[in-house]
There are 2 protein chains.
Amino acid sequence: MTSATPARPPGRPRSGVNAAVFAATLSTVHELGYAPATVDRIAAAAGVAKTTIYRRWPSKGALVVDCLLDAFGPVPLEGAGRAEVMSSALRWIAAKIGEPGVGDAFAGVFSDAVSDPALREILSTRLQDPYRIALQEALGEPEDRVLFFIDVVVGTLLHRMGMTGEPMVEADVAALAEMVLSYFGDDPGPA
Amino acid sequence: MTSATPARPPGRPRSGVNAAVFAATLSTVHELGYAPATVDRIAAAAGVAKTTIYRRWPSKGALVVDCLLDAFGPVPLEGAGRAEVMSSALRWIAAKIGEPGVGDAFAGVFSDAVSDPALREILSTRLQDPYRIALQEALGEPEDRVLFFIDVVVGTLLHRMGMTGEPMVEADVAALAEMVLSYFGDDPGPA
DNA sequence: CCATTTACGCTACCGTCAGTATCGATACCT
DNA sequence: AGGTATCGATACTGACGGTAGCGTAAATGG
């Protein structure tokens with residue numbers, strides 16, 4: 001088997017600009033917000049033609065969601081009991097959202113998803129699947145209850161960031177996690 | 001003193017279409033979301049020329065925020081202790097956001113405020129003042145802590161509505177209020 | 001070397017929407 | 001009547017998301 005690379009398709013291969021486009025998207029949305037981060041600006045920041053972006057992503061929303069998924073990465077689901085899994089996942093999500101570029105970009109995209117049905121569709125199909133449903137299965141809770149508590153954390157973080165324009169302070173994140181976990185029933189356990 | 005009416009200014013008086021414009025704005029934003037609710041559509045639904053809207057409000061964002069303030073009304077701050085004031089205010093806000101047209105429109109506007117700095121400015125100056133600061137003074141808590149708990153309720157409600165497209169079920173609203181109040185320290189007290 | 005295939009940059013373009021300008025008509029006052 | 005300010009209608013500008021077409025660059029196989 002010499003086909004380690006699965007039979008490269010003919011024609012000119014794509015240049016490796018995906019990383020540059022992602023970086024430009026993240027920083028632009030981070031600095032300007034979702035709406036003012038126009039595709040022209042992102043393309044210029046990435047040193048890429050606008051048409052190239054639309055050849056790889058069908059819309060601005062799809063580009064930004066892909067960029068966030070790339071920056072966010074998979075949520076680790078570790079721990080013995082429900083409370084432990086919940087605790088580590090919540091704290092991981094909170095920490096990730098608190099990172100300089102990621103959180104602000106996330107806030108802008110979540111925001112636009114509320115008023116834009118098309119982007120809402122992209123988000124619910126591409127974001128709910130990997131994270132929310134994985135959490136739901138790992139926790140073994142009824143769907144509504146799990147989604148509700150995840151929303152408490154994510155929604156509060158993003159809303160607060162949107163209103164103040166800055167990430168929440170660490171004390172508030174810790175208080176929020178503690179509040180949710182105490183209501184969740186079990187104690188977080190060690191480590 | 002015959003000047004009960006304070007010396008009406010000369011010229012043709014404004015027609016009383018503000019109520020019709022507010023109603024059209026609320027229903028249009030409720031049905032379509034913030035972005036698809038164009039000013040042309042709102043004007044058509046209100047039976048008013050688009051130029052008339054721009055003579056009374058400087059921007060679409062100002063119109064929608066004014067419309068929401070009108071629909072939302074002042075938050076009642078009643079009760080003896082901090083916990084009682086907090087409890088009644090939280091439940092009142094949650095109930096108001098749960099109303100059919102108001103909550104969905106609020107979600108759309110809050111959402112856009114995250115990505116649109118101009119609308120964020122309108123919201124933070126016109127919405128924070130009457131509600132958040134009033135609550136803060138009534139509660140006598142440090143600003144960050146009060147704002148944080150309000151954000152827990154409002155942010156979670158709006159985020160959940162944005163992700164699912166529907167208002168939260170009553171059980172979740174009650175659980176959220178209970179969770180916040182239990183963390184807040186005091187017990188809510190009777191009534 | 002050459003033909004083929006695909007990706008890229010560039011420019012021009014379309015549709016939509018926020019917001020502005022203008023003009024004639026209308027409603028109130030003195 | 002004359003003055004003043006609002007209203008509706010139409011037309012317009014500018015920005016943005018997204019598309020089309022063209023010439024060119026990079027890879028393949030013969």
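We use all heavy atoms of the structure for the numbers below, so side chains are in, but hydrogens, waters and symmetry mates are not. All values reported here derive from a predicted model rather than from experimental measurement. Chain letters run A, B, ... following the sequence lines, proteins first and then strands; every chain starts at 1.
- Remark: C1' of C:dG19 and CG of B:Leu63 are 13 Å apart, rounded to the nearest angstrom.
- With hydrogens and angles disregarded, no donor-acceptor distance shorter than 3.5 Å links the side chain of B:Thr28 to the backbone of B:Thr25.
- Contact detail for B:Ala37 and B:Val29: the closest heavy-atom pair is CB-CG2, 3.8 Å.
- Out of C:dC8, C:dT20, C:dC23, the shortest distance to the side chain of B:Arg55 is found at C:dC23.
- In this structure, the nucleotide among D:dA26, C:dC17, D:dC7 sitting nearest to the side chain of B:Arg56 is D:dC7.
- The listed nucleotides are D:dA27, C:dA18, C:dC8; the one nearest the side chain of A:Pro13 is D:dA27.
- DNA chain D lies under 4.0 Å from at least one heavy atom of each of the following residues of residues 39-49 of chain A: A:Val39, A:Arg41.
- At whole-Å resolution of the value, CG in A:Leu32 and P in D:dC16 are 10 Å apart.
- Closest approach of A:Ala24 and A:Ser27 over heavy atoms only: O-OG, 3.2 Å.
- Side-chain proximity of B:Thr52 to C:dG9, D:dA26, D:dC7: nearest is D:dC7.
- Here the P atom of nucleotide D:dC16 and the NZ atom of A:Lys60 are 9 Å apart, to the nearest Å.
- Heavy-atom minimum distance, B:Ala43 versus B:Ala49: CB-C, 4.1 Å.
- Residue-to-nucleotide contacts include a donor-acceptor pair under 3.5 Å from the side chain of B:Lys50 to the base of C:dG19.
- The two residues A:Phe22 and A:Leu63 have their closest heavy-atom pair at CE2-O, 4.2 Å.
- Within the 4.0 Å cut-off from OP1 or OP2 of C:dC8, at least one side-chain nitrogen or oxygen of A:Ser15 is found.
- In this structure, A:Tyr54 places its OH atom 19 Å from C1' of C:dA7, rounding to the nearest Å.
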Working for side chain to side chain contact (heavy atoms under 4.5 Å, CB included), residues B:Val21 and B:Arg56: CA-CA 11 Å; B:Val21 173; B:Arg56 303 193 181 195; over 6 Å; no
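- Counting to the nearest Å, the C1' atom of C:dG9 and the CD1 atom of A:Ile53 are 12 Å from each other.
- Under 3.5 Å, the side chain of A:Thr51 and the base of C:dC10 form at least one donor-acceptor pair of N or O atoms.
- Nearest heavy atom pair, residue A:Leu26 against residue A:Ala71, reads CD2-CB, 4.2 Å.
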